[in-house]
Amino acid sequence: MLYRHGDVLIARVPSLPAQAKKRSGTILARGEITGHSHRVQEIGAAQLFDFKLETFLEVSASIATLVHEEHKPIELPKGIYRVWMQREYSPAAIVQVRD
């Protein structure tokens, strides 16, 4: 299952990497230009983890709502997800998409 929330992509995965470390807060990504953020709305519904350069989200509640000021909310069911920022390709460079 793959979800898209603006420039954030979210894919369901079977498990967290064994060495993943908890991250504080539930902000998946901050907008560089607008200052808005992609975040889980419900307190205590989800936990973020980092492993190397990857980000993971564990939804422990039955549903976690992902919100952002410029996008419609989406609901993620209970489970584990890998989260990454969309990138753009040009012959000069591969760059991260910015809000």
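All values reported here derive from a predicted model rather than from experimental measurement.
No donor-acceptor distance shorter than 3.5 angstrom exists from the side chain of Glu54 to the backbone of Val83, with no hydrogens or angles considered. A donor-acceptor distance shorter than 3.5 angstrom exists from the side chain of Glu42 to the backbone of Thr65, with no hydrogens or angles considered. Judged purely by atom type and a 3.5 angstrom limit, Ser60 uses its side chain to pair as donor or acceptor with the backbone of Ala45.
Put simply, the residue from Thr26, Leu48, Ile27 that forms a side chain to side chain contact (heavy atoms under 4.5 Å, CB included) with Val40 is Thr26. For the pairing with Phe51, the side chain to side chain contact (heavy atoms under 4.5 Å, CB included) check across Gln19, Arg82, Lys21 returns one residue only, Gln19.
Closest approach of Pro77 to Arg12, counting heavy atoms only: CG-NH1, 4.2 Å. In this structure, Gln47 and Arg23 approach most closely via the heavy-atom pair NE2-O, 2.7 Å.
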Query raised in the report: When you look at Tyr3 and Leu9, which way does the side-chain contact (heavy atoms from CB on, under 4.5 Å) test go after all the steps?
Result: CA-CA 6 Å; Tyr3 299 86; Leu9 298 175; over 6 Å; no

Report task. Evaluate the criterion side-chain contact (heavy atoms from CB on, under 4.5 Å) for residue pair Arg39 and Val67; output intermediate values, then yes/no. Result -> CA-CA 6 Å; Arg39 64 199 176 280; Val67 295; 3.7 Å; yes

Requested in this report: Step by step, work out the side-chain contact (heavy atoms from CB on, under 4.5 Å) result for Gln41 and Leu66.
Outcome: CA-CA 6 Å; Gln41 181 173 299; Leu66 190 58; over 6 Å; no

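Placement of Ile80 and Phe49 within a single hydrophobic cluster is found when ILVMFWY residues are connected by side-chain heavy-atom separations under 4.5 Å, directly or transitively. Grouping the Ile, Leu, Val, Met, Phe, Trp and Tyr side chains by contacts below 4.5 angstrom, directly or via other members, places Ile74 with Val59. Clustering ILVMFWY residues whenever any of their side-chain heavy atoms sit less than 4.5 angstrom apart, transitively, puts Phe56 in a cluster other than the one holding Leu28.
Counting only heavy atoms from C-beta outward, the side chains of Glu58 and Leu16 approach each other to under 4.5 Å. Side chains of Leu57 and Leu76 form a contact here, defined as non-hydrogen atoms less than 4.5 Å apart. Contact of the Pro17 side chain with the Lys52 side chain is not registered, since no non-hydrogen atoms from C-beta on lie closer than 4.5 Å.
Taking a 6.0 Å sphere around CG of Leu2, one finds it holds more than 12 heavy atoms contributed by other residues, nucleotides or ligands.
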